2 protein chains.
Amino acid sequence: MGLVKSEKFTDQQNEIALFAKVFGHPARVSILQYLFNINSCVCGDIVNQIGLSQPTVSQHLKELKHLGLIKGSVEGTSVCYCIHKENWAAMKEVMIAFLDQDIPQTDCC
Amino acid sequence: MGLVKSEKFTDQQNEIALFAKVFGHPARVSILQYLFNINSCVCGDIVNQIGLSQPTVSQHLKELKHLGLIKGSVEGTSVCYCIHKENWAAMKEVMIAFLDQDIPQTDCC
DNA sequence: TTATATTATTGCAATGTTACGATTAATAGG
DNA sequence: CCTATTAATCGTAACATTGCAATAATATAA
């Protein structure tokens, strides 16, 4: 098979999994941390920061953009990427609600 | 290729990615939510809850266990799984620190 | 227009993931 | 011992992901 049976799960569960999946690669984690730490919205030097090739970085950026977590705007010959604040906040709420569940008091294992 | 170049990233980035990866499948999200919501640490009826086959569920449980997020104890012929509280709390801290980064004030895009 | 710079896309090889049937442990109860 | 129950493992087919060389697209400058 190799394909996820999404129809077996709730929309919420699939949404959490989609967000988590995009964070499931250190390059994308690294790109996001870079965008957070840089004060101005710096562009294609992400490629220099990350030690991967330009096509590979471009592909990771595409996935982040597709999920709406970053946005890019053309600035001359280069493109400027930055965090999409509203979408990031919405994602954060969903993910933290999942992570922050109350652990049952009754100990069993 | 098809293999992640982990050596290009920090331990922290790789750790975040590993945690996120295990949440990157709705079956594992569903299993965890189930374990959170069930008061007693119920066992193999996870297979009935999740609509996937027993081997598939067992494989997902293995991954969760491997990361230390759940623990299982044998109870007769069945096995009882539940959240590993300490490890979950540690993971939560790492993930929330990542999600909760301050967005730069200077708007650029 | 031509050259240069930057980013996106294409194509593909190597590897990883998902799912399940079949089988194999492991344990409990006769 | 034998049988039933439950869960783990094996094997494997289908599909997804990762990474990069080569190339195409886009925009600026001369």
Side-chain angles (χ1 to χ4, degrees), chain A residues 1-9 13-14 17-31 34-35 41-67 70-82 108-109, chain B residues 1-9 13-14 17-31 34-35 41-67 70-82 108-109:
Chain A
M1 279 73 218
L3 80 173
V4 176
K5 298 200 166 178
S6 312
E7 72 280 4
K8 302 245 178 186
F9 308 101
Q13 287 162 345
N14 283 310
L18 280 180
F19 283 136
K21 206 171 170 186
V22 88
F23 299 140
H25 194 295
R28 292 189 290 264
V29 171
S30 177
I31 288 171
Y34 183 71
L35 290 180
C41 146
V42 186
C43 334
D45 39 20
I46 301 172
V47 177
N48 298 328
Q49 261 287 313
I50 316 295
L52 301 176
S53 74
Q54 180 268 318
T56 302
V57 172
S58 191
Q59 194 174 292
H60 285 304
L61 286 169
K62 191 181 175 184
E63 287 178 68
L64 289 168
K65 200 176 173 186
H66 185 252
L67 254 187
I70 64 173
K71 50 185 172 178
S73 59
V74 180
E75 307 253 332
T77 71
S78 56
V79 178
C80 173
Y81 284 104
C82 56
C108 29
C109 299
Chain B
M1 279 74 217
L3 81 172
V4 175
K5 298 200 163 179
S6 313
E7 73 279 4
K8 301 246 178 183
F9 307 100
Q13 287 162 344
N14 284 311
L18 279 180
F19 282 137
K21 205 169 169 188
V22 89
F23 299 141
H25 194 294
R28 292 189 289 266
V29 171
S30 177
I31 289 170
Y34 184 71
L35 291 179
C41 146
V42 186
C43 331
D45 39 20
I46 300 171
V47 178
N48 299 328
Q49 261 286 315
I50 315 294
L52 301 176
S53 75
Q54 180 267 318
T56 302
V57 172
S58 193
Q59 196 173 294
H60 285 303
L61 287 168
K62 191 181 176 184
E63 287 178 68
L64 288 168
K65 199 176 172 183
H66 185 251
L67 253 187
I70 64 173
K71 50 185 172 180
S73 59
V74 180
E75 306 254 329
T77 69
S78 54
V79 177
C80 172
Y81 283 104
C82 57
C108 28
C109 300

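These values consider heavy atoms only, across backbone and side chains, with no hydrogens, waters or symmetry-generated copies. None of the values given here were measured: they were computed from a predicted structure.
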A side-chain contact here means heavy atoms from C-beta on lying under 4.5 Å apart; do [X] and [Y] qualify?
X       : Y       : result
B:Lys71 : B:Cys82 : yes
A:Lys21 : B:Phe23 : no
A:Leu61 : A:Val79 : no

Starting from [atom2] on [N], measure out to [atom1] on [X] and report it in whole angstrom.
X       : N      : atom1 : atom2 : answer
B:Phe23 : C:dT18 : CZ    : P     : 14 Å
B:Leu52 : C:dG21 : CG    : P     : 11 Å
B:Lys62 : C:dT18 : NZ    : C1'   : 14 Å
B:Asn48 : D:dT5  : CG    : P     : 15 Å
B:Ile31 : C:dT18 : CD1   : P     : 11 Å
A:His60 : C:dT7  : NE2   : P     : 16 Å
A:Gln59 : D:dC20 : CD    : P     : 10 Å
B:Glu75 : D:dT5  : CD    : C1'   : 15 Å

Practice task
Would you state whether a donor and an acceptor, one from the side chain of A:Gln54 and one from the base of C:dA8, lie under 3.5 Å apart?
Solution key: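 Yes.
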
Problem - First of B:Gly24 and B:Leu3 reached from the 5' end of DNA chain C, by closest nucleotide - result: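 It is B:Leu3 whose nearest nucleotide is closer to the 5' end.
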
Practice task
Please figure out whether B:His25 or A:Thr77 has its closest DNA chain C nucleotide nearer the 5' end.
Solution key: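 It is A:Thr77 whose nearest nucleotide is closer to the 5' end.
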
Output the single nucleotide from [options] whose closest atom is nearest the side chain of [X].
X       : options                : answer
A:Val74 : C:dA19, C:dT9, D:dA27  : D:dA27
A:Glu63 : D:dG19, D:dT18, C:dA19 : D:dT18
A:Ser58 : C:dT9, D:dT6, D:dA8    : C:dT9

May I ask you to verify if any side-chain N or O of [X] is less than 4.0 angstrom from the OP1 or OP2 atom of [N]?
X       : N      : answer
B:Thr56 : C:dT18 : no
B:Tyr81 : D:dT6  : no
A:Lys21 : D:dT17 : yes
A:Lys5  : C:dC20 : yes

Handout entry: Spacing of B:Arg28 atom CZ and A:Phe9 atom CZ [to the nearest 0.5 Å]
Key =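 Going from CZ on B:Arg28 over to CZ on A:Phe9, the span is 10.0 Å.
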
Problem - Donor-acceptor pair, side chain of B:Lys65 and main chain of B:Ile70, under 3.5 angstrom - result: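 No; zero donor-acceptor contacts below 3.5 Å.
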
Handout entry: Position toward the 5' end of DNA chain D (nearest nucleotide), B:Ser6 or A:Pro55
Key =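 With B:Ser6 and A:Pro55 compared, the 5'-side residue is B:Ser6.
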
Handout entry: Toward the 5' end of DNA chain D, by each residue's nearest nucleotide, A:Arg28 or A:Gly76
Key =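 Taking each residue's closest nucleotide, the earlier one in sequence belongs to A:Arg28.
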
